[in-house]
Amino acid sequence: MDETRASQNHGLVLALVSAAAFGTNIVSAQIAGQAGLSGPLLVFYRVLLMLVLVVAAARAWRGSLALARDERRPVLLFGLATALVGIAYLSSVAFVPVSVAAVVFYTFPILIVLAEPVLTSAPFRADRLAVALLAFLGVALVVGPDLHGLDPRGLALAMLASLGATAQFFAAARCARVATLPKLFWSHVVILPVTALVLLVTGGFLPPQSFLLAPVAVAVTYAGYVVGFLFQILALARVAPGPAGLAFCAEPVFSVAIAAFVLAERLGPLQYAGGALVIAALVTNVILEQTRRSVVPA
(Lines give C-alpha, C1' and ligand atoms only; values in the text may rest on other atoms or scores of the structure.)
Protein backbone atom coordinates (compact mmCIF):
# COMPACT_ATOMS: atom_id res chain seq x y z
CA MET A 1 0.00 0.00 0.00
CA ASP A 2 2.90 2.37 0.79
CA GLU A 3 4.32 1.73 -2.69
CA THR A 4 0.96 2.52 -4.29
CA ARG A 5 0.63 5.72 -2.29
CA ALA A 6 4.17 6.79 -3.19
CA SER A 7 3.54 6.06 -6.88
CA GLN A 8 0.33 8.09 -6.89
CA ASN A 9 1.97 10.99 -5.06
CA HIS A 10 4.80 10.86 -7.60
CA GLY A 11 2.19 10.89 -10.36
CA LEU A 12 0.53 14.04 -9.01
CA VAL A 13 3.92 15.78 -8.85
CA LEU A 14 4.63 14.72 -12.44
CA ALA A 15 1.22 16.07 -13.49
CA LEU A 16 1.96 19.45 -11.92
CA VAL A 17 5.37 19.60 -13.64
CA SER A 18 3.66 18.74 -16.92
CA ALA A 19 1.08 21.50 -16.35
CA ALA A 20 3.88 23.98 -15.67
CA ALA A 21 5.72 22.93 -18.85
CA PHE A 22 2.58 23.23 -20.97
CA GLY A 23 1.91 26.62 -19.36
CA THR A 24 5.34 27.81 -20.44
CA ASN A 25 4.61 26.37 -23.88
CA ILE A 26 1.50 28.52 -24.28
CA VAL A 27 3.30 31.81 -23.59
CA SER A 28 6.25 31.05 -25.87
CA ALA A 29 3.91 29.86 -28.64
CA GLN A 30 2.09 33.20 -28.38
CA ILE A 31 5.41 35.03 -28.84
CA ALA A 32 6.26 32.81 -31.82
CA GLY A 33 2.83 33.49 -33.31
CA GLN A 34 3.45 37.23 -33.13
CA ALA A 35 6.57 36.61 -35.24
CA GLY A 36 4.47 34.93 -37.95
CA LEU A 37 4.78 31.28 -36.95
CA SER A 38 1.31 29.74 -36.88
CA GLY A 39 0.03 27.24 -34.33
CA PRO A 40 -0.43 24.39 -36.83
CA LEU A 41 3.12 24.94 -38.10
CA LEU A 42 4.55 24.68 -34.59
CA VAL A 43 2.45 21.57 -33.90
CA PHE A 44 3.61 19.83 -37.09
CA TYR A 45 7.30 20.35 -36.39
CA ARG A 46 7.02 19.51 -32.69
CA VAL A 47 5.55 16.12 -33.65
CA LEU A 48 8.48 15.54 -36.00
CA LEU A 49 10.88 16.60 -33.26
CA MET A 50 9.32 14.20 -30.77
CA LEU A 51 9.61 11.32 -33.23
CA VAL A 52 13.29 12.08 -33.87
CA LEU A 53 14.03 12.31 -30.14
CA VAL A 54 12.22 9.05 -29.37
CA VAL A 55 14.05 7.14 -32.13
CA ALA A 56 17.38 8.57 -30.94
CA ALA A 57 16.60 7.57 -27.35
CA ALA A 58 15.57 4.07 -28.42
CA ARG A 59 18.85 3.61 -30.29
CA ALA A 60 20.94 5.05 -27.46
CA TRP A 61 19.30 2.82 -24.84
CA ARG A 62 18.73 -0.10 -27.23
CA GLY A 63 15.05 0.00 -26.43
CA SER A 64 12.31 -1.55 -28.52
CA LEU A 65 9.57 0.49 -30.15
CA ALA A 66 7.39 -2.54 -30.83
CA LEU A 67 3.90 -2.84 -29.40
CA ALA A 68 2.26 -6.06 -28.31
CA ARG A 69 -0.97 -6.92 -30.09
CA ASP A 70 -3.14 -5.99 -27.10
CA GLU A 71 -1.30 -2.67 -26.72
CA ARG A 72 -2.00 -1.33 -30.20
CA ARG A 73 -5.64 -0.32 -29.77
CA PRO A 74 -5.26 1.74 -26.56
CA VAL A 75 -2.17 3.52 -27.96
CA LEU A 76 -4.06 4.23 -31.19
CA LEU A 77 -6.96 5.70 -29.21
CA PHE A 78 -4.53 7.77 -27.14
CA GLY A 79 -2.89 9.15 -30.29
CA LEU A 80 -6.22 9.98 -31.95
CA ALA A 81 -7.52 11.69 -28.80
CA THR A 82 -4.30 13.71 -28.47
CA ALA A 83 -4.52 14.79 -32.10
CA LEU A 84 -8.16 15.79 -31.63
CA VAL A 85 -7.28 17.97 -28.63
CA GLY A 86 -4.60 19.89 -30.51
CA ILE A 87 -6.56 20.36 -33.72
CA ALA A 88 -9.89 21.33 -32.14
CA TYR A 89 -8.29 23.67 -29.61
CA LEU A 90 -6.12 25.42 -32.20
CA SER A 91 -9.07 25.72 -34.57
CA SER A 92 -11.43 27.11 -31.92
CA VAL A 93 -9.37 30.27 -31.39
CA ALA A 94 -10.00 31.23 -35.01
CA PHE A 95 -13.66 31.86 -34.06
CA VAL A 96 -13.64 32.84 -30.37
CA PRO A 97 -11.16 34.60 -28.07
CA VAL A 98 -8.46 32.43 -26.51
CA SER A 99 -9.88 33.10 -23.05
CA VAL A 100 -13.30 31.74 -24.05
CA ALA A 101 -11.73 28.68 -25.69
CA ALA A 102 -9.69 28.06 -22.53
CA VAL A 103 -12.73 28.23 -20.23
CA VAL A 104 -14.73 25.83 -22.42
CA PHE A 105 -11.74 23.51 -22.80
CA TYR A 106 -11.13 23.28 -19.06
CA THR A 107 -14.50 21.68 -18.52
CA PHE A 108 -12.66 18.40 -19.18
CA PRO A 109 -11.76 17.74 -15.50
CA ILE A 110 -15.49 17.92 -14.69
CA LEU A 111 -16.29 15.55 -17.57
CA ILE A 112 -13.60 13.15 -16.35
CA VAL A 113 -15.06 13.09 -12.82
CA LEU A 114 -18.55 12.45 -14.22
CA ALA A 115 -17.36 9.75 -16.65
CA GLU A 116 -15.01 7.95 -14.27
CA PRO A 117 -17.72 5.86 -12.54
CA VAL A 118 -19.06 4.81 -15.96
CA LEU A 119 -15.76 3.96 -17.66
CA THR A 120 -13.83 2.62 -14.68
CA SER A 121 -14.51 0.76 -11.46
CA ALA A 122 -14.08 3.95 -9.41
CA PRO A 123 -17.24 5.05 -7.55
CA PHE A 124 -18.76 8.49 -8.05
CA ARG A 125 -17.34 11.00 -5.57
CA ALA A 126 -19.35 14.13 -4.88
CA ASP A 127 -16.40 15.75 -3.12
CA ARG A 128 -14.21 15.30 -6.20
CA LEU A 129 -16.92 16.87 -8.38
CA ALA A 130 -17.10 19.81 -5.97
CA VAL A 131 -13.32 20.24 -6.21
CA ALA A 132 -13.52 20.08 -10.02
CA LEU A 133 -16.19 22.79 -10.06
CA LEU A 134 -14.07 24.93 -7.72
CA ALA A 135 -11.06 24.51 -10.00
CA PHE A 136 -13.17 25.38 -13.06
CA LEU A 137 -14.40 28.57 -11.40
CA GLY A 138 -10.79 29.46 -10.60
CA VAL A 139 -9.72 28.87 -14.22
CA ALA A 140 -12.60 31.03 -15.47
CA LEU A 141 -11.48 33.88 -13.22
CA VAL A 142 -7.80 33.48 -14.14
CA VAL A 143 -8.27 33.66 -17.90
CA GLY A 144 -11.11 36.22 -17.70
CA PRO A 145 -13.25 35.17 -20.67
CA ASP A 146 -14.41 37.81 -23.11
CA LEU A 147 -18.08 37.01 -23.74
CA HIS A 148 -18.48 39.34 -26.72
CA GLY A 149 -18.83 38.09 -30.29
CA LEU A 150 -19.16 34.38 -29.49
CA ASP A 151 -19.23 32.14 -32.55
CA PRO A 152 -21.01 28.76 -32.18
CA ARG A 153 -18.30 27.13 -34.32
CA GLY A 154 -15.60 28.19 -31.90
CA LEU A 155 -17.60 27.05 -28.87
CA ALA A 156 -18.27 23.68 -30.52
CA LEU A 157 -14.60 23.19 -31.39
CA ALA A 158 -13.49 24.10 -27.86
CA MET A 159 -16.03 21.65 -26.45
CA LEU A 160 -14.78 19.01 -28.88
CA ALA A 161 -11.26 19.63 -27.56
CA SER A 162 -12.59 19.15 -24.02
CA LEU A 163 -14.16 15.84 -25.01
CA GLY A 164 -10.89 14.87 -26.70
CA ALA A 165 -8.95 15.63 -23.51
CA THR A 166 -11.40 13.53 -21.52
CA ALA A 167 -10.90 10.62 -23.92
CA GLN A 168 -7.14 11.19 -23.84
CA PHE A 169 -6.96 10.73 -20.06
CA PHE A 170 -8.96 7.50 -20.08
CA ALA A 171 -7.03 6.16 -23.09
CA ALA A 172 -3.76 6.94 -21.29
CA ALA A 173 -4.98 5.02 -18.25
CA ARG A 174 -5.74 2.00 -20.43
CA CYS A 175 -2.24 1.96 -21.88
CA ALA A 176 -0.53 2.71 -18.56
CA ARG A 177 1.50 -0.52 -18.72
CA VAL A 178 2.85 0.20 -22.20
CA ALA A 179 6.54 1.20 -22.12
CA THR A 180 7.13 4.94 -22.41
CA LEU A 181 9.19 5.00 -25.63
CA PRO A 182 6.78 2.89 -27.75
CA LYS A 183 3.85 4.89 -26.36
CA LEU A 184 5.52 8.18 -27.31
CA PHE A 185 6.56 6.94 -30.73
CA TRP A 186 3.36 5.34 -31.96
CA SER A 187 1.04 8.01 -30.54
CA HIS A 188 3.00 10.62 -32.49
CA VAL A 189 2.98 8.43 -35.60
CA VAL A 190 -0.82 8.69 -35.35
CA ILE A 191 -0.72 12.44 -34.67
CA LEU A 192 1.67 13.30 -37.54
CA PRO A 193 -0.63 12.75 -40.57
CA VAL A 194 -3.49 14.54 -38.82
CA THR A 195 -1.37 17.62 -38.12
CA ALA A 196 0.07 17.48 -41.65
CA LEU A 197 -3.47 17.52 -43.05
CA VAL A 198 -4.39 20.54 -40.93
CA LEU A 199 -1.26 22.36 -42.07
CA LEU A 200 -2.07 21.52 -45.69
CA VAL A 201 -5.61 22.83 -45.36
CA THR A 202 -4.52 26.04 -43.66
CA GLY A 203 -1.77 26.56 -46.24
CA GLY A 204 0.66 27.68 -43.59
CA PHE A 205 3.64 25.44 -44.32
CA LEU A 206 7.06 27.09 -43.90
CA PRO A 207 10.55 25.57 -43.97
CA PRO A 208 12.44 25.04 -40.67
CA GLN A 209 14.55 28.12 -41.42
CA SER A 210 11.49 30.21 -40.56
CA PHE A 211 12.09 29.43 -36.90
CA LEU A 212 14.92 31.96 -37.00
CA LEU A 213 12.18 34.59 -36.81
CA ALA A 214 11.80 33.72 -33.11
CA PRO A 215 14.47 31.17 -32.18
CA VAL A 216 14.22 31.53 -28.40
CA ALA A 217 10.42 31.34 -28.39
CA VAL A 218 10.46 28.28 -30.65
CA ALA A 219 13.08 26.56 -28.49
CA VAL A 220 11.06 27.20 -25.32
CA THR A 221 7.85 26.09 -27.05
CA TYR A 222 9.34 22.78 -28.12
CA ALA A 223 11.12 22.17 -24.83
CA GLY A 224 7.85 22.88 -22.99
CA TYR A 225 5.97 20.45 -25.22
CA VAL A 226 8.52 17.64 -24.97
CA VAL A 227 8.78 17.93 -21.19
CA GLY A 228 5.05 18.48 -20.76
CA PHE A 229 3.97 15.53 -22.90
CA LEU A 230 6.58 13.17 -21.46
CA PHE A 231 5.63 14.02 -17.88
CA GLN A 232 1.95 13.83 -18.77
CA ILE A 233 2.11 10.22 -19.91
CA LEU A 234 4.34 9.34 -16.95
CA ALA A 235 1.77 10.92 -14.62
CA LEU A 236 -1.22 9.24 -16.25
CA ALA A 237 0.50 5.87 -15.84
CA ARG A 238 0.46 6.42 -12.06
CA VAL A 239 -2.66 8.45 -11.27
CA ALA A 240 -6.33 7.81 -12.04
CA PRO A 241 -7.95 10.14 -14.60
CA GLY A 242 -10.01 12.03 -11.97
CA PRO A 243 -7.24 13.41 -9.74
CA ALA A 244 -4.89 13.78 -12.71
CA GLY A 245 -7.39 15.93 -14.60
CA LEU A 246 -7.76 18.22 -11.60
CA ALA A 247 -3.97 18.62 -11.37
CA PHE A 248 -3.87 19.92 -14.94
CA CYS A 249 -6.15 22.82 -13.98
CA ALA A 250 -2.91 24.42 -12.80
CA GLU A 251 -1.80 24.89 -16.44
CA PRO A 252 -3.63 28.20 -17.14
CA VAL A 253 -2.51 29.51 -13.76
CA PHE A 254 1.10 28.83 -14.71
CA SER A 255 0.48 30.43 -18.12
CA VAL A 256 -0.90 33.64 -16.66
CA ALA A 257 1.86 33.83 -14.03
CA ILE A 258 4.57 33.32 -16.67
CA ALA A 259 2.93 35.87 -18.98
CA ALA A 260 2.88 38.38 -16.13
CA PHE A 261 6.60 37.81 -15.51
CA VAL A 262 7.86 37.52 -19.11
CA LEU A 263 5.42 39.80 -20.96
CA ALA A 264 4.84 42.21 -18.05
CA GLU A 265 1.09 41.63 -18.24
CA ARG A 266 -0.82 43.06 -15.29
CA LEU A 267 -3.00 40.77 -13.21
CA GLY A 268 -6.28 41.98 -11.75
CA PRO A 269 -7.85 41.07 -8.41
CA LEU A 270 -10.15 38.49 -10.05
CA GLN A 271 -7.15 36.71 -11.59
CA TYR A 272 -5.43 36.53 -8.22
CA ALA A 273 -8.65 35.22 -6.68
CA GLY A 274 -8.98 32.65 -9.46
CA GLY A 275 -5.42 31.48 -8.95
CA ALA A 276 -6.09 31.12 -5.23
CA LEU A 277 -9.20 29.03 -5.99
CA VAL A 278 -7.26 26.71 -8.30
CA ILE A 279 -4.50 26.28 -5.72
CA ALA A 280 -7.12 25.59 -3.04
CA ALA A 281 -8.73 22.99 -5.31
CA LEU A 282 -5.36 21.31 -5.97
CA VAL A 283 -4.51 21.19 -2.25
CA THR A 284 -7.97 19.84 -1.43
CA ASN A 285 -7.59 17.22 -4.15
CA VAL A 286 -4.30 16.01 -2.66
CA ILE A 287 -5.75 15.94 0.88
CA LEU A 288 -8.79 13.97 -0.26
CA GLU A 289 -6.63 11.45 -2.12
CA GLN A 290 -4.38 11.02 0.92
CA THR A 291 -7.43 10.57 3.18
CA ARG A 292 -8.90 7.86 0.94
CA ARG A 293 -5.63 5.94 0.76
CA SER A 294 -5.14 6.10 4.53
CA VAL A 295 -8.39 4.16 5.07
CA VAL A 296 -7.61 0.45 4.99
CA PRO A 297 -10.60 -1.72 3.99
CA ALA A 298 -11.73 -4.11 6.66
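Fair warning: this is a prediction, and the values are worked out from it, not measured in the lab.
Within the 4.5 Å cutoff, the side chain of Val103 has heavy atoms near those of the Phe136 side chain. When side chains are defined from C-beta on, Ile112 counts as touching Phe170, because their heavy atoms get closer than 4.5 Å. Between Asp70 and Arg177 the shortest side-chain heavy-atom distance does not fall below 4.5 Å. The shortest side-chain heavy-atom distance between Val190 and Phe78 does not fall under the 4.5 Å cut-off. Counting heavy atoms from C-beta on, the side chains of Phe229 and Leu184 come closer than 4.5 Å. Side-chain atoms of Tyr89 and Leu160, non-hydrogen and from C-beta on, never get closer than 4.5 Å to each other. Leu77 is not listed as a side-chain neighbour of Arg174, based on a closest heavy-atom distance of 4.5 Å or more. Counting only heavy atoms from C-beta outward, the side chains of Met159 and Leu155 never approach each other to under 4.5 Å.
Between Phe108 and Phe248, the gap from one ring centroid to the other reaches at least 6.0 Å.
With values rounded to the nearest 0.5 angstrom, Thr221 atom OG1 is found 9.5 Å from Phe211 atom CZ. One distance of note links CG of Leu67 with CZ of Arg72; it measures 7.0 Å at 0.5 Å rounding. With rounding to the nearest 0.5 Å, the separation of SG in Cys249 from CG in Leu137 is 11.0 Å. To the nearest 0.5 angstrom, Thr195 atom OG1 is 7.5 Å from Leu48 atom CG. To the nearest 0.5 Å, atom OG1 of residue Thr24 and atom CZ of residue Phe254 are 8.5 Å apart. Rounding to the nearest 0.5 angstrom, the gap separating the CG atom in Leu111 from the CG atom in Leu163 is 6.0 Å.
Looking only at distances, no side-chain donor or acceptor of Thr120 sits under 3.5 Å from a matching main-chain atom of Pro117. In this structure a side-chain-to-backbone donor-acceptor pair under 3.5 Å is missing from Ser92 to Gly154. Formation of a donor-acceptor pair under 3.5 Å by the Ser162 side chain with backbone atoms of Ala158 is not found in this model. For the pair Arg238 (side chain) and Leu234 (backbone), a donor-acceptor distance under 3.5 Å is present. Side chain of Thr284 to backbone of Ala280: a donor-acceptor contact under 3.5 angstrom is found. Distance alone, capped at 3.5 Å, places no donor-acceptor pair between the Trp186 side chain and the Gly79 backbone.
The shortest heavy-atom contact between Leu42 and Leu37 is CD1-O, 4.2 Å. The shortest heavy-atom contact between Ala32 and Ala214 is CA-CB, 4.3 Å. Shown here for Leu282 and Ala250, the closest heavy-atom pair between the two residues is CD1-CB, 3.6 Å. Between Ala165 and Phe105 the shortest heavy-atom distance is CB-CE1, 3.8 Å. Taking all atoms of both residues into account, the shortest heavy-atom contact from Tyr45 to Tyr222 is CB-OH, 3.0 Å. In terms of heavy-atom proximity, Gly164 sits nearest to Ala81 at O-CB, 3.7 Å.
A continuous path of ILVMFWY side-chain contacts below 4.5 Å connects Leu236 to Leu119, so both sit in one hydrophobic cluster. Hydrophobic cluster membership is shared by Val85 and Val189, with clusters built from Ile, Leu, Val, Met, Phe, Trp and Tyr side chains linked at under 4.5 angstrom. If you chain together hydrophobic residues whose side chains sit under 4.5 Å apart, Val43 and Leu84 never meet in one group. Hydrophobic clustering keeps Ile191 apart from Leu200 (ILVMFWY residues linked when any side-chain heavy atoms are closer than 4.5 Å, directly or through intermediates). Using a 4.5 Å cut-off between side-chain heavy atoms of Ile, Leu, Val, Met, Phe, Trp and Tyr, with links allowed through other members, Val178 and Leu230 fall into the same hydrophobic cluster.
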Practice prompt. Let me see the working for Leu41 and Ser210 under side-chain contact (heavy atoms from CB on, under 4.5 Å), right down to the final yes or no.
Written response: CA-CA 10 Å; Leu41 181 73; Ser210 61; 4.2 Å; yes
Worksheet item: Do Val54 and Leu65 pass the side-chain contact (heavy atoms from CB on, under 4.5 Å) test, and can you show the C-alpha distance, the side-chain angles, and the key distance before you say yes or no?
Response: CA-CA 9 Å; Val54 171; Leu65 296 176; 4.0 Å; yes
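In this structure Glu116 satisfies the salt bridge (Lys or Arg N to Asp or Glu O under 4.0 Å) test together with Arg128, sequence neighbours excluded. Applying the ring-ring contact (aromatic ring centres under 6.0 Å, His included) criterion to Phe185, with sequence neighbours excluded, gives no partner residue. Not a single salt bridge (Lys or Arg N to Asp or Glu O under 4.0 Å) links Arg73 to another residue, sequence neighbours left out.
For the pairing with Tyr106, the side-chain contact (heavy atoms from CB on, under 4.5 Å) check across Val139, Val278, Val142 returns one residue only, Val139.
Using cut-offs of 30° and 60° on the angle between ring planes, the pair His188 and Tyr225 is perpendicular.
The local environment of OH in Tyr272 is sparse, with at most 12 non-hydrogen atoms from other residues, nucleotides or ligands closer than 6.0 Å.
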